[in-house]
2 protein chains.
Amino acid sequence: MGKGEATRERILEIAEAAVLAKGFGATSIEEVIAEAGLTKSGFFYHFRDKNALAREMLRRYVETNDRLFDDVFARGRQLSDDPLQAFLISLKLLAEVMADLPNGHPGCLIASICYQERLFDREVRDLTAQSVRGWNARFCKILEGIAAAYPPREAIDLDDLADMLSCVVDGGIIMSKTLNDPRRLERQILLFRNYVKLLFAPAALS
Amino acid sequence: MGKGEATRERILEIAEAAVLAKGFGATSIEEVIAEAGLTKSGFFYHFRDKNALAREMLRRYVETNDRLFDDVFARGRQLSDDPLQAFLISLKLLAEVMADLPNGHPGCLIASICYQERLFDREVRDLTAQSVRGWNARFCKILEGIAAAYPPREAIDLDDLADMLSCVVDGGIIMSKTLNDPRRLERQILLFRNYVKLLFAPAALS
DNA sequence: CCAAGAACTGTACCGGCGGTGCGGATTCGG
DNA sequence: CCGAATCCGCACCGCCGGTACAGTTCTTGG
């Protein structure tokens, strides 16, 4: 990693924290560069304008989350051959990861952008939509594998159920932040997990 | 309603739409007063500063939502004496209300504030927390009534389940806005409704 | 080791916005 | 018709996003 790339990464890290705490519009470039220890000229050397910063932040965020999901769901499959058990394990791991964050989850950048949509260009908005669609499709594929092995107790739309995981996480983050209680996010994920168990697990197992 | 109060209401309405679309920090007073048709002096006659505007917006939003919940859950109880059935009816009504919004749900002001917390003073943040706590307590009370009549199929924390409704709504709003698909919010509420049904309804009823 | 780019700094400037202050005008109810 | 509520006009401050551009320091490949 060259020196320039390291600086870019530092700027993005600082900017992301600031944006999640105050919103994009209220995050001044000046405070970011002050914390990063460079000048305004230095900033504009790396990013053409504020929107370019947003694009890179988002790209970085999506990439990080993708890796997290890769990791969590791979470990689930690794610990059990049964698709349902693997998913339940993965959800527990996900809940643990969220619970282990020192100061609670810092916030979902997609949610932050969603509530400031008019500030961003089409490219950014398309990237948020595409990411969410990707995550939902990923969850849905897992659920289809489960449903094939375990007929669900009720006729449920698997797409909606896949959506629900994202919704519960985003909602859990908001509630955790608003009430200043990080554990609420973990509990919401576990509650969703219980829903999945209730839907698919045969009565004998529950 | 005096003329001043009408102007205040107009300002709050315009400001809320702007804040939900661009965030609080990026919402300029100038554009609000331009749309409201008054001058900056007129604005500062009604609100001491931008934070006073935020406080009033939030107060208004919480009040509106409280009335909505009062209405929906009262109608549920009105249509069925059974606590579970009443709740299930109320959730369906809630989903319908959300689905009937012409351009989709405009956004949750509490979520918007949550993602810009550093911009607001303690009073505003306390009000958001208190409102969320109030709604959760309301849902929890209903669930306790249900659990007393129908022993839940699994040992579930009713507080968490009450939280889940708020989470699913907030998450559903974000997903609906991000994917530009208003129906997703409705479906998430109905999916939560199904969870409640699955948890409490005796096998004979399902 | 040195040249060539990459990675910055310094300075000057513009326009927009939040916010303050205050005097004056208009409007409206009693 | 009086006085209070409501709103306008105007001048001003400081911060911020963004532009422009010349100069400096650091890094790295040949």
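Here is how names work: the chains are called A, B, and so on, in the same order as the sequence lines, proteins then strands, and each is numbered from 1.
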Show me the donor-acceptor pairs, under 3.5 Å and distance only, between side chains in residues 90-111 of chain A and residues at least two apart or in other chains.
| unit_1 | atom_1 | unit_2 | atom_2 | d |
| --- | --- | --- | --- | --- |
| S90(A) | OG | V72(A) | O | 3.3 |
| S90(A) | OG | A86(A) | O | 2.9 |
| H105(A) | ND1 | G107(A) | N | 2.9 |

Atom pairs and distances, side-chain donor-acceptor, residues 28-39 of chain B, under 3.5 Å, sequence neighbours left out:
| unit_1 | atom_1 | unit_2 | atom_2 | d |
| --- | --- | --- | --- | --- |
| S28(B) | OG | E31(B) | N | 3.2 |
| E30(B) | OE2 | K40(B) | NZ | 3.1 |
| E31(B) | OE1 | K22(B) | NZ | 3.0 |
| E31(B) | OE2 | K22(B) | NZ | 2.3 |
| E31(B) | OE2 | S28(B) | N | 3.2 |
| T39(B) | OG1 | G42(B) | N | 3.4 |

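Partners of F200(B) by ring-ring contact (aromatic ring centres under 6.0 Å, His included), not counting sequence neighbours: none found. Shown here are the ring-ring contact (aromatic ring centres under 6.0 Å, His included) partners of F24(A), two or more places apart in sequence or in another chain: F120(A). Shown here are the ring-ring contact (aromatic ring centres under 6.0 Å, His included) partners of F192(A), two or more places apart in sequence or in another chain: there are none. Residues satisfying the side-chain contact (heavy atoms from CB on, under 4.5 Å) test with E144(A), not counting sequence neighbours, are C140(A), L158(A). Annotation: side-chain hydrogen bond (donor to acceptor under 3.5 Å, both in side chains) contacts of R184(B) (sequence neighbours excluded): D163(A), D181(B). Evaluation of the ring-ring contact (aromatic ring centres under 6.0 Å, His included) rule for F44(B) yields no partner, not counting sequence neighbours.
Of the side-chain N and O atoms in Y45(B), none sit less than 4.0 angstrom from OP1 or OP2 of dC7(D). For dT6(D), the OP1/OP2 oxygens have no side-chain nitrogen or oxygen of H46(B) closer than 4.0 Å.
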Review point. Just by protein heavy atoms under 4.0 Å, how would nucleotides 15-22 of chain D read 5' to 3' in B, S and -?
Key: -SBBB---
Distances under 3.5 Å only, N/O to N/O: pair up the protein atoms with those of nucleotides 24-30 of chain C.
none

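Atom CG of L119(B) and atom P of dC17(C) are 17 Å apart (whole Å). Here the P atom of nucleotide dG18(C) and the CD1 atom of I11(B) are 14 Å apart, to the nearest Å. If you measure from atom CD of E5(A) to atom P of dT27(D), you get 15 Å, rounded to the nearest angstrom.
Judged by a 6.0 Å distance limit and a 45° cone about the ring axis, R55(B) is not positioned over the six-membered ring of F47(B).
Across the helix from dC1(C)-dG30(D) to dG30(C)-dC1(D), the helix axis at one end is tilted relative to the axis at the other end by 30° (nearest 10 degrees, each axis from five pairs).
In this structure, R67(A) pairs ionically with E63(A), as a charged nitrogen and a carboxylate oxygen lie closer than 4.0 Å.
Legend: side chain to side chain donor-acceptor pair (under 3.5 Å) pairs involving residues 169-178 of chain B, not counting sequence neighbours: none detected.
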